[in-house]
Amino acid sequence: MPAPRRHPLVAAVRRALPRPRPESATAFLALLDRRLRRLASVTGGPRGAGWNEPAASRALARRFLEPLEGTWDDGDENLVRGYLDRWVAAGEDAERAAAGGLLEAAGALSRIEARAGTLWFFLWEMESVLRAFVADKPRGPC
């Protein structure tokens, strides 16, 4: 069975990587592709399908993004926030809506061949949204 096709954002991020490539680049690109697939399942799956990701994945993303922090400008932020900052209608599943916004932005940014700073800011914001998915989960009785 052939490997599933990677999301176009993965290729865009690969092209935008600084030289020399960060050591964590290969692992991060694989993580990004898994995350985008998982977001698609959250948007198309049963309501409340939820997000679950090992802490090691979040740590990998932070290691990759940390040296890129602040390499974007207000224009990059405004473009990305235009996709991500939206109202959630009453009764709408907030996690599903956020996952849909991330996917919409990822697709659009890859189609317009966004510059590196825009991609880094998007990935930074994506990390925040995914962290909120995990933070909103019940932790058990204590």
Taking side chain as C-beta onward, heavy atoms only, is [X] less than 4.5 Å from [Y]?
X      : Y      : answer
Leu123 : Leu68  : no
Arg35  : Arg37  : no
Met126 : Leu32  : yes
Arg115 : Asp73  : yes
Thr43  : Leu102 : no

Starting from Phe121, can I reach Ile112 by hopping between I/L/V/M/F/W/Y residues whose side chains sit under 4.5 Å apart?
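Linked, Ile112 and Phe121 end up in one cluster.
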Ring-plane angle category for Trp72 and Trp124, please: parallel below 30°, perpendicular beyond 60°, tilted otherwise.
tilted
[X] [atom1] to [Y] [atom2] distance, which is reported to the nearest 0.5 Å:
X      : Y      : atom1 : atom2 : result
Glu125 : Trp120 : CD    : CH2   : 15.5 Å
Glu77  : Asp85  : CD    : CG    : 10.5 Å
Phe64  : Arg21  : CZ    : CZ    : 9.5 Å

Would you name the heavy atoms of [X] and [Y] that are closest together and state the gap between them?
X      : Y      : answer
Ala12  : Leu119 : O-CD1, 3.6 Å
Ala105 : Leu84  : CB-CD2, 4.1 Å
Leu31  : Ser57  : CD2-O, 3.3 Å
Leu29  : Leu17  : CD1-CD1, 4.1 Å
Ser24  : Leu60  : CB-CD1, 3.8 Å
Ala99  : Leu39  : CB-CD2, 3.6 Å

Checking Asp76 against Thr71 for the side chain to side chain contact (heavy atoms under 4.5 Å, CB included) test, could you report, in this order, the C-alpha distance in whole Å, the side-chain angles of both residues, the deciding distance, and whether it holds?
CA-CA 10 Å; Asp76 300 315; Thr71 60; over 6 Å; no
Give a yes or no on whether a salt bridge exists between Glu92 and Arg86, defined as a side-chain N under 4.0 angstrom from a carboxylate O.
no
Looking only at atom types and distance, does a side-chain atom of [X] sit under 3.5 Å from a main-chain N or O of [Y], one as donor and one as acceptor?
X     : Y     : answer
Arg38 : Arg34 : no
Asn78 : Gly75 : no
Arg58 : Glu53 : yes

Between Asp33 and Arg14, does a salt bridge (charged side-chain N to carboxylate O under 4.0 Å, His left out) hold up when you go through it step by step?
CA-CA 11 Å; Asp33 194 55; Arg14 180 181 291 116; over 6 Å; no
Greater than 12 external heavy atoms within 6.0 Å of Glu104's CD
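Yes, enclosed.
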